[in-house]
Protein chains: 2
Amino acid sequence: MLTNSRLVHQTHDHGRCIKAALTRALDLCVERKARMTPTREAVLRLLWQSHQPLGAYQLQDQLATLLDKKIAPPTVYRAIEFLLQLGLIHRIASLNAYIGCPFPNSDHSNLFMICNNCGSAAEVAHASINELLQTASDKANFTLQSQTLELFGLCPQCAYIENKSK
Amino acid sequence: MLTNSRLVHQTHDHGRCIKAALTRALDLCVERKARMTPTREAVLRLLWQSHQPLGAYQLQDQLATLLDKKIAPPTVYRAIEFLLQLGLIHRIASLNAYIGCPFPNSDHSNLFMICNNCGSAAEVAHASINELLQTASDKANFTLQSQTLELFGLCPQCAYIENKSK
DNA sequence: AAGTGTTACGTTATAATATAACATAAATAT
DNA sequence: ATATTTATGTTATATTATAACGTAACACTT
Ligand SMILES: [Zn+2]
Ligand SMILES: [Zn+2]
Ligand SMILES: [Zn+2]
Ligand SMILES: [Zn+2]
């Protein structure tokens with residue numbers, strides 16, 4: 001079970017998260033002969049600014065500040081599309097939002113644990129869940145191609161606080 | 001494993017599906033002292049007209065025909081909201097679309113198998129998947145409250161046709 | 001039956017998310 | 001240098017969803 005769940009839900013040296021993500025991204029770009037442009041890098045940075053998914057228009061706002069110029073929606077969506085293609089980020093369908101992928105190299109069917117209270121989202125690659133989904137698909141004669149798996153609830157921190165206040 | 005997958009992906013007496021859904025809905029309304037109005041019933045009918053999820057604006061179009069009058073978005077969304085509350089329909093987040101629930105009584109965390117080719121969606125309540133998701137959440141100290149689980153691929157029929165044509 | 005509160009619907013406007021279409025600029029290849 | 005590809009700028013618009021406020025229908029009390 002590959003996950004960034006500990007990290008996401010605890011205070012940590014977050015500068016490292018960002019730096020590591022950028023390094024991975026640059027490596028992947030070299031490998032795939034893709035170009036990491038300023039806009040694309042800025043979007044990736046913003047998506048790693050926190051462990052909370054951001055919407056396209058939140059990104060747009062923050063890009064204006066970061067790049068010090070107005071960016072129109074198509075540009076934002078193009079950068080998002082590019083990063084999605086490379087597997088550097090994911091889309092959280094139930095939130096219409098995007099988040100950096102902590103392990104873009106490993107070919108994974110991912111799962112997210114999203115906190116209803118603080119909005120943080122941890123990614124989990126859980127082999128046995130994926131196997132079970134595959135088995136269930138097989139049994140139904142369904143040819144599984146992709147999946148959206150988003151769990152909502154309370155992260156450890158928020159659950160702790162909630163319990164305390166009772 | 002509770003599922004309507006066989007039914008969804010095969011030709012069947014679909015009138016029965018619709019009739020059964022309406023009966024269940026009316027029963028539930030009596031039980032909950034909720035009102036099944038013409039608009040609400042029409043939306044439910046439309047969502048059972050096929051086993052494919054429909055978007056709110058598709059519903060709007062079809063409502064115009066079915067009720068023989070123009071219906072504005074808020075009315076459509078109100079009916080959707082009502083049916084969602086009663087658990088009579090589900091929202092498919094990755095499609096922004098809605099579909100009738102085949103077993104609204106059983107308290108279930110559901111899963112959908114959605115065909116990328118024909119758009120049909122089967123619902124599956126799979127206890128061991130849910131248990132595993134619960135276990136994974138527990139391990140991560142995550143308090144699971146709800147889930148979105150949508151599998152995309154090819155339904156048996158479409159997979160069969162695809163194989164044949166190769 | 002009349003009055004009262006509640007629930008649902010009508011209507012208009014608008015918010016939020018996403019893409020189409022076409023022009024320009026920058027990078028890469030020949 | 002020129003041609004080709006790739007990325008971005010720009011304008012307009014499509015798609016999904018909700019806010020706000022008024023009216024009508026229903027249901028309960030008296
Ligand atoms: Zn971090
Ligand atoms: Zn939290
Ligand atoms: Zn049917
Ligand atoms: Zn199909």
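Side-chain atoms are counted along with the backbone in the values below, which use heavy atoms only and exclude waters and symmetry mates. Given the structure is predicted, the values throughout are model-derived calculations rather than measurements. All chains are named by letter (A, B, ...) in the order of the sequence lines, taking the proteins before the strands, and each is independently numbered beginning at 1.
- Checking the phosphate oxygens (OP1, OP2) of C:dA16, no side-chain nitrogen or oxygen of A:Y77 falls inside 4.0 Å.
- With A:R40 contributing its side chain and A:R35 its backbone, the two residues share a donor-acceptor pair below 3.5 Å.
- The separation between B:I92 atom CD1 and D:dT15 atom P is 21 Å, rounded to whole Å.
- In the model, A:D138 has a side-chain atom that pairs as donor or acceptor with a side-chain atom of A:Q134 under 3.5 Å.
- Other residues, nucleotides and ligands contribute at most 12 non-hydrogen atoms within 6.0 Å of the CZ atom of B:R45.
- Of the residues in residues 25-40 of chain B, B:R35, B:T37, B:T39, B:R40 come within less than 4.0 Å of DNA chain C through at least one heavy atom, sorted by number.
- Remark: C1' of D:dG9 and CZ of A:R78 are 7 Å apart, rounded to the nearest angstrom.
- Residues B:V8 and B:C155 fail the side-chain proximity criterion, which asks for heavy atoms closer than 4.5 Å.
- At the phosphate of D:dG9, OP1 or OP2 sits under 4.0 Å from a side-chain N or O atom of A:T75.
- Ring geometry for B:H51 versus B:H12: interplanar angle of 30 to 60°, hence tilted.
- Taking atom CG of residue B:N96 and atom P of nucleotide C:dA15, one finds them 20 Å apart after rounding to whole Å.
- Out of C:dT19, D:dA19, D:dT8, the shortest distance to the side chain of B:P74 is found at D:dA19.
- Summarising the geometry, the separation between CG on B:L54 and P on D:dA17 is reported as 13 Å, rounded to the nearest angstrom.
- In the interface, the side chain of B:Y57 is not paired with the base of D:dA14 through any donor and acceptor atom under 3.5 Å apart.
- Rounded to whole Å, atom P of C:dA20 lies 11 Å from atom CD of A:E81.
- Taking side-chain N and O atoms only, B:R91 has no distance below 4.0 Å to OP1 or OP2 of D:dT16.
- Side-chain contact, B:N117 with B:Q157: no donor N or O sits under 3.5 Å from an acceptor N or O.
- Between the CG atom of B:D61 and the C1' atom of D:dT16 there is a distance of 13 Å, rounded to whole Å.
- The residue A:K70 sits apart from the nucleic acid: no heavy atom pair falls under 4.0 Å.
- A:Q85 places its CD atom 11 Å from the P atom of D:dA7, with the value rounded to the nearest Å.
- In this structure, CD1 of A:I80 is placed 11 Å from P of C:dT17, rounded to the nearest angstrom.
- Using cut-offs of 30° and 60° for the angle between ring planes, the A:H90 and A:F112 rings count as perpendicular.
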